[in-house]
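Written below as structure tokens is the structure these notes are about.
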Amino acid sequence: MIVVMKKGATAAQIAHVVERVEELGLRAHVIEGTERTVVAAIGEMRDQYRHSLESGPGVAEVVPILAPYKVASIEVKPERTVVHVGPFSAGNCYLGVIAGPCAVESEEQTVATARAVKAAGATALRGGAFKPRTSPYSFQGLKEQGLKILAIARAETGLPIVTEVLCAADVPLVARYADILQIGARNMQNYRLLEEAGASGKPVLLKRGMCATIEEWLLAAEYILNTGNQNVLLCERGIRTFETHVRFTLPLATVPYLHEKTHLPVVVDPSHGTGHTSLVPRMAAAAVAAGADGLMLEVHPNPEKAQSDGYQSLDFAQFQQTMALCRNVAEAVGKHMA
Ligand code: PEP
Ligand code: MN
């Protein structure tokens with residue numbers, strides 16, 4: 001249920017509603033809008049709760065939240081969430097660009113990439129230190145050494161770091177270095193990990209599971225939001241279909257659809273979403289045209305020599321061209337790219 005406060009409701013009236021919601025055994029989320037404040041009451045609702053809350057001082061009305069996800073729903077918060085981390089902003093009119101190698105391989109490779117992507121207009125650096133590889137015999141990442149290299153790249157360029165955390169136990173370690181925690185497609189429904197990542201207080205980029213419906217994905221986001229962490233970015237990275245000409249199928253209707261259902265910013269990853277370098281620039285531009293609030297792009301100094309995902313990575317020149325193309329489209333759709 002959403003308890004909609006009257007315009008000009010006082011802080012004491014809002015605090016009273018929060019107290020009442022909690023007394024009923026529900027969780028209260030206060031969302032302050034520009035027009036009025038709402039208190040989302042999350043949990044199992046009974047009919048009599050509604051009447052009880054409705055008679056509180058300063059309450060305008062109590063309405064049910066129809067969507068199965070609650071805090072993520074646009075019904076609860078009609079204003080768009082903007083995630084800001086240093087030079088990176090995503091949401092509403094802001095388009096954030098996260099670029100960097102699939103995996104951190106060396107200081108030289110990571111710092112060179114950070115410098116190049118920054119010069120071309122990226123506002124955050126990505127790089128996996130812990131890699132979720134299909135085969136246990138593939139490169140697993142440099143782990144803490146990789147996190148240290150990312151911190152060096154951040155110190156050199158000022159770009160915030162986006163890096164993946166693979167399990168709940170690793171959250172404290174990864175959160176010590178990362179500015180944004182990435183939860184990968186293979187972990188989208190790892191609920192303990194979602195809760196730990198949320199509780200770290202760091203913004204979380206939640207990739208769509210390759211076989212997950214949008215509803216399952218939003219319910220996963222709800223686990224993070226329920227820790228009180230509002231800084232969640234949804235990342236469409238493609239889904240499994242019968243198609244074989246691409247690594248994954250990238251459904252771009254996800255972007256406008258999510259904008260109808262949730263206030264959370266939507267990032268698109270055309271690198272994993274296509275699996276082919278040659279398809280990335282146009283699909284990045286198409287994502288911007290669809291209204292994406294962010295892009296995640298794999299960039300490597302020498303994709304041919306990459307330890308992972310070289311076949312879908314852009315080199316520096318290709319990244320620069322992609323940024324130029326996306327900037328034109330961003331301007332046409334009213335998005336601000338740094
Ligand atoms: C990645 O970003 O390198 C990655 C492993 O992505 P995903 O979880 O989408 O496969
Ligand atoms: Mn990758």
Side-chain angles (χ1 to χ4, degrees), residues 83-90 96-118 122-133 138-188 190 192-207 224 227-233 235 237 265 267 269 271-272 294-301 306-309 313 338:
V83 175
H84 294 288
V85 189
F88 175 86
S89 298
V97 178
I98 305 162
C102 178
V104 173
E105 296 165 8
S106 69
E107 181 177 328
E108 195 189 3
Q109 167 243 17
T110 306
V111 173
T113 307
R115 289 211 175 99
V117 299
K118 185 186 176 180
T123 44
L125 174 69
R126 64 150 286 146
F130 291 88
K131 292 305 301 175
R133 303 306 299 278
S138 302
F139 176 59
Q140 302 288 310
L142 297 180
K143 304 185 176 155
E144 189 168 4
Q145 182 53 27
L147 296 172
K148 289 187 172 147
I149 292 172
L150 286 166
I152 293 169
R154 170 176 50 204
E156 295 273 329
T157 59
L159 292 179
I161 292 166
V162 184
T163 195
E164 181 163 354
V165 55
L166 287 184
C167 66
D170 285 349
V171 169
L173 170 68
V174 180
R176 258 209 312 281
Y177 294 91
D179 298 291
I180 299 178
L181 295 174
Q182 174 176 329
I183 293 183
R186 291 157 190 80
N187 261 321
M188 189 204 81
N190 182 337
R192 285 292 302 128
L193 172 60
L194 299 174
E195 286 171 339
E196 282 299 313
S200 76
K202 295 278 166 125
V204 179
L205 179 120
L206 178 63
K207 292 193 123 188
I224 304 167
T227 65
N229 187 336
Q230 305 293 309
N231 288 313
V232 177
L233 301 135
C235 179
R237 47 78 73 212
V267 174
D269 171 355
S271 304
H272 294 86
L295 290 171
M296 176 175 256
L297 296 162
E298 287 188 333
V299 180
H300 194 281
Q307 300 242 37
S308 64
D309 288 357
S313 298

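None of the values given here were measured: they were computed from a predicted structure. Note: hydrogens, waters and symmetry copies are ignored here, and every other heavy atom, side chains too, is used.
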Do you know the tightest heavy-atom contact between Tyr177 and Ile161? O-CD1, 4.0 Å
Check for a donor-acceptor pair, side chain of Thr123 on one end and backbone N or O of Val97 on the other, with a separation under 3.5 Å. yes
Within the structure provided, determine whether Asp269 and Leu297 are in side-chain contact (heavy-atom separation under 4.5 Å). no
So, Asp179 side chain and Pro160 main chain: donor-acceptor pair closer than 3.5 Å or not? no
Going through the checks in order, is the side-chain contact (heavy atoms from CB on, under 4.5 Å) test met by Gln307 and Cys102? CA-CA 8 Å; Gln307 300 242 37; Cys102 178; over 6 Å; no
To the closest 0.5 Å, what do you measure between CG (Leu150) and CD (Glu144)? 12.0 Å
How about Met296 and Leu205: do any of their side-chain heavy atoms sit closer than 4.5 Å? yes
For Phe139, is there any backbone N or O sitting under 3.5 Å from a side-chain donor or acceptor partner on Arg133? yes
Leu159 versus Arg154: any side-chain heavy-atom pair under 4.5 Å? no
Are Lys143 and Lys131 close enough that some pair of their side-chain heavy atoms sits under 4.5 Å apart? no
Which residues satisfy the side-chain contact (heavy atoms from CB on, under 4.5 Å) test with Ala306, sequence neighbours excluded? Glu105, His300
Between Pro203 and Val83 the two heavy atoms that sit nearest each other are CB-CG1, 4.1 Å
Please find the pair of heavy atoms, one from Glu298 and one from Asp309, that lie closest to each other, and give the distance. OE1-CB, 3.2 Å
How many angstroms lie between atom NZ of Lys202 and atom CD1 of Ile224, to the nearest 0.5 angstrom? 15.0 Å
Using every non-hydrogen atom in the two residues, find where Ala175 and Ser200 come nearest and quote the distance to one decimal. CB-CB, 4.2 Å
Side chain proximity check, Ile98 to Leu125, heavy atoms < 4.5 angstrom: no
Assess the residue pair Asn187 and Leu166 against the criterion (side-chain contact (heavy atoms from CB on, under 4.5 Å)); give the C-alpha distance rounded to whole Å, side-chain angles, the decisive distance to 0.1 Å, and a yes or no. CA-CA 7 Å; Asn187 261 321; Leu166 287 184; 4.2 Å; yes
Nearest 0.5 Å, please: how far is NZ in Lys148 from CD1 in Ile152? 9.5 Å
Tell me, with the steps shown, if Arg115 and Lys118 meet side-chain contact (heavy atoms from CB on, under 4.5 Å). CA-CA 5 Å; Arg115 289 211 175 99; Lys118 185 186 176 180; 5.9 Å; no
Does the pair Leu194 and Ile183 meet the rule for a side-chain contact (heavy atoms from CB on, under 4.5 Å), with working shown? CA-CA 8 Å; Leu194 299 174; Ile183 293 183; 3.6 Å; yes
Is a donor on one side and an acceptor on the other found under 3.5 Å between the side chain of Thr163 and the backbone of Gly127? yes
Report yes if the side chains of Phe130 and Leu173 come closer than 4.5 Å at any heavy-atom pair, otherwise no. yes
Any donor-acceptor pair under 3.5 Å linking the side chain of Gln145 with the backbone of Ser106? no
Going by side chain to side chain donor-acceptor pair (under 3.5 Å), name the residues that satisfy it together with Ser308, two or more places apart in sequence or in a different chain. none
Applying the side-chain contact (heavy atoms from CB on, under 4.5 Å) test to Lys207, which of Arg186, His272, Met188 qualifies? His272
Taking every heavy atom of Val232 against every heavy atom of Pro265, the minimum-distance pair comes out as O-CD, 3.4 Å
What one should report as the nearest heavy-atom pair of Leu193 and Val165 is CD2-O, 3.7 Å
May I ask you to test the Leu295-Val267 pair for a side-chain heavy-atom distance under 4.5 Å? no
Which residues pass the side chain to side chain donor-acceptor pair (under 3.5 Å) test with Arg192, sequence neighbours left out? Glu195, Glu196
Side chains of Phe88 and Ile180 in contact at under 4.5 Å (non-hydrogen atoms): yes
